[in-house]
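Inspection log for the structure reproduced underneath, given as structure tokens.
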Amino acid sequence: MLSALWKISVRNILKHKGYSSINIIGLALGFSAFILIGLFVQYELSWDKSNVNYDRIYRIQRHYAKTLYAMDGNDISPHSRPITAQLLERRFPEFEKITVIRENRGKFLSAVADRQIYDEKGFYADSCFFDVFTFHFLEGTQTGALNEPFSIVLSKTMADKLFPGERAMGETVTLEKKFDFKVTGVCDDLPKNSTIAPSYLVSFASLVKLAGITRGDMWAGDCMNFALLKPGVDVTNLEAKIKNVFSGFKGIEYEELQLCPMKKLYLGFNGEDDYVVVLVLYGAIGIFILLMSSFNYINLTTANAATRGREVAVKKASGSNRFTLVVQFLGETVMISLLAVVLAIVLVKAFLPVFAYIAEKDLVLNLSRNWKFIGLTLMISLGVGVLSGIYPALFLSSHKIASLFKGEFFGRGRERFSLKRALVIFQFAISVFLILITLSFSFQIRYLSGKDLGFDKESMLYTRMEVSGGGVTI
């Protein structure tokens, strides 16, 4: 039966080439837009998930409870004092590990004197760093890699730049032509959608000699504390406990601590959900585009059913039962839907590099990485195929042979509910919604680009200055 169904479906698709092509191309374009937007939204929601303990990692942030002027429009800082880790570790057993890190900003590294490599993704990190975050070591091990002063762990990309074609383990890297560090490990590169994705890590113990900063320092406010909580900890209760840890310290008594889960570091660490709303809107647009193409396909399939009345009549006269006719219609529509998905994947593969470049994201489409999303898309295509074929299949197969031969199956008495009219109305509603969204975005962009800032920005320059003194870069 399946073989016969396959042959009949292929024969009907080839017989109506124009109709089939319109359906396949229309559906493919809808699925292409859905897949591209879906990949973008999935990428944005997957930040930092390369960490094994993703759900238990929190950043300890500062909330300036009584500030008069919020910095950058906000009174929450991602930075905290190094001593925070020691205070919390001693007083609250809910913390499994707390690591202290500090950005190293832009610095020059070299393995040979005549070749300097500039990098802006360096960090100082203490010995707990690899207990909190997940890294895969290619050379060396994480045990003791950041224990000693003047130790450095390189990413694979940085190691290849400094030591092309050679092992980096045990070699010396010079920072800013002043300080020599011993390579104690090489790690695989993290995905680009990682909040903490260092090119190199310098042991935090080195800061004692470089800047006089220790892990118990109270006044260095440009560090970050990341905590790994024990399983089953009530985060809300713990946050209430640590909120006023600095209440007894003069000068910083108004600084309150917060726990920001890793899943919110990128989407909105300050409690604002603006970008989440944007992502939801993007997802809705992708779904609406797919719905429009699906409704169009269903309408075309329903309209085409009127031309197949005699075909159904002949098959019923030849002994075909209702179940066989329904299965045949569903086979054709599902096959067209699956062909549209295949074409959509080909189109996505062709245009994904361009889309990724415009979006400035590392977007890829492969079975191992996106199998859930691809599986969802295939399930949707099956659903679209079934919905497209079920109505005309049930409608035509329910009529008598005589009425099918005469074409008397679209009488006015049967038009109390018109699926075609309902779908057309939905299509128009979605179109109006997308037009309004496009216009609102255009007006907003035009407003932001043309707003009077109160000064002539063309006549202003901005520069960053670094002042070195006493072996320390400020």
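Side chains are part of it too, since the values below use all heavy atoms of this structure and drop only hydrogens, waters and symmetry mates.
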Just so I know, are the side chains of [X] and [Y] near enough to count as touching, which here means a heavy-atom distance under 4.5 Å?
| X | Y | answer |
| --- | --- | --- |
| Pro198 | Lys121 | no |
| Arg115 | Ile117 | yes |
| Ile336 | Tyr297 | yes |

Exercise for the section: List in chain and number order the residues that pass side-chain hydrogen bond (donor to acceptor under 3.5 Å, both in side chains) with Thr195, two or more places apart in sequence or in another chain; answer none if no residue qualifies. Expected result: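 With neighbours one apart ignored, the set is Asp48.
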
Practice task
Return the set of residues passing side-chain hydrogen bond (donor to acceptor under 3.5 Å, both in side chains) with Thr174 (not counting sequence neighbours), or none when no residue passes.
Solution key: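 Expected list: Asp180.
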
Problem - Within residues 333-359 or reaching into it, pairs that qualify as side chain to side chain donor-acceptor pair (under 3.5 Å) - sequence neighbours excluded - result: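 Of all non-adjacent pairs touching residues 333-359, none passes side chain to side chain donor-acceptor pair (under 3.5 Å).
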
Problem - Inter- and intrachain pairs under side chain to side chain donor-acceptor pair (under 3.5 Å), touching residues 221-237, at least two apart - result: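 Every side chain to side chain donor-acceptor pair (under 3.5 Å) pair that includes a residue of residues 221-237, provided the two are not neighbours, is Ser80-Asn225, Arg102-Asp222.
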
May I ask you to decide if the ring planes of [X] and [Y] are parallel, tilted or perpendicular, using 30° and 60° as cut-offs?
| X | Y | result |
| --- | --- | --- |
| Phe34 | Phe373 | parallel |
| Tyr275 | Tyr266 | perpendicular |
| Phe295 | Phe426 | tilted |

Looking only at atom types and distance, does a side-chain atom of [X] sit under 3.5 Å from a main-chain N or O of [Y], one as donor and one as acceptor?
| X | Y | answer |
| --- | --- | --- |
| Thr134 | Val52 | yes |
| Ser203 | Leu146 | no |
| Ser206 | Phe150 | yes |
| Glu139 | Ala168 | yes |
| Ser194 | Leu190 | no |

Exercise for the section: Report the distance from atom OG of Ser50 to atom CG of Asn193, rounding to the nearest 0.5 Å. Expected result: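 Ser50 OG to Asn193 CG: 7.5 Å, rounded to 0.5 Å.
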
Problem - From Thr172 atom OG1 to Phe163 atom CZ, the distance as rounded to the nearest 0.5 Å - result: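 One finds 7.5 Å between OG1 of Thr172 and CZ of Phe163.
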
Please identify each residue that fulfils salt bridge (charged side-chain N to carboxylate O under 4.0 Å, His left out) with [X], with sequence neighbours left out.
| X | value |
| --- | --- |
| Lys161 | none |
| Lys361 | Glu44 |
| Glu255 | Arg62, Arg81 |
| Arg215 | Glu89, Asp126 |

Practice task
Show your working on side chain to side chain contact (heavy atoms under 4.5 Å, CB included) between Cys187 and Val153 and close with a plain yes or no.
Solution key: CA-CA 7 Å; Cys187 296; Val153 175; 3.7 Å; yes

Exercise for the section: Answer yes if the side chains of Tyr124 and Asn104 hold a donor-acceptor pair under 3.5 Å, and no otherwise. Expected result: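 Tyr124 vs Asn104: donor-acceptor pair found between side chains.
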
Problem - Check ion pair Glu94-Lys241 (N to O, under 4.0 angstrom) - result: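 Lys241 and Glu94: salt-bridged.
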
Handout entry: Salt-bridge present (Arg56, Glu96; N to O < 4.0 Å)
Key =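 Looking at Arg56 and Glu96, the cut-off is met.
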
Exercise for the section: Can you sort out the partners of Asp160 under side chain to side chain contact (heavy atoms under 4.5 Å, CB included), two or more places apart, ordered by chain and number? Expected result: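 If we apply the side chain to side chain contact (heavy atoms under 4.5 Å, CB included) test to Asp160, skipping adjacent residues, the hits are Lys156.
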
Practice task
Quick one: list whatever passes side chain to side chain contact (heavy atoms under 4.5 Å, CB included) with Val334, sequence neighbours left out.
Solution key: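 So Val334 forms a side chain to side chain contact (heavy atoms under 4.5 Å, CB included) with Leu338, Leu382, Val386.
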
Indicate the atoms forming the closest heavy-atom contact of [X] with [Y], along with that distance.
| X | Y | answer |
| --- | --- | --- |
| Tyr64 | Ser77 | CE1-CB, 3.7 Å |
| Ser247 | Glu253 | O-CB, 3.5 Å |
| Lys107 | Leu109 | O-CD1, 3.8 Å |

Exercise for the section: Check the pair Tyr200 / Phe123 against ring-ring contact (aromatic ring centres under 6.0 Å, His included), numbers first and verdict last. Expected result: CA-CA 7 Å; Tyr200 63 93; Phe123 286 87; 8.5 Å; no

Sequence neighbours excluded and cut-off under 3.5 Å, please list the side-chain donor-acceptor pairs for residues 23-30, or say none.
| unit_1 | atom_1 | unit_2 | atom_2 | d |
| --- | --- | --- | --- | --- |
| Asn23 | ND2 | Tyr19 | O | 3.4 |
| Asn23 | ND2 | Tyr19 | OH | 3.3 |

Exercise for the section: Please list all pairs passing the ring pair (Phe, Tyr, Trp, His ring centres under 6.0 Å) test where one or both residues lie in residues 217-246, with sequence neighbours left out. Expected result: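 Those involving residues 217-246 are Phe133-Phe226, Phe246-Phe249.
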
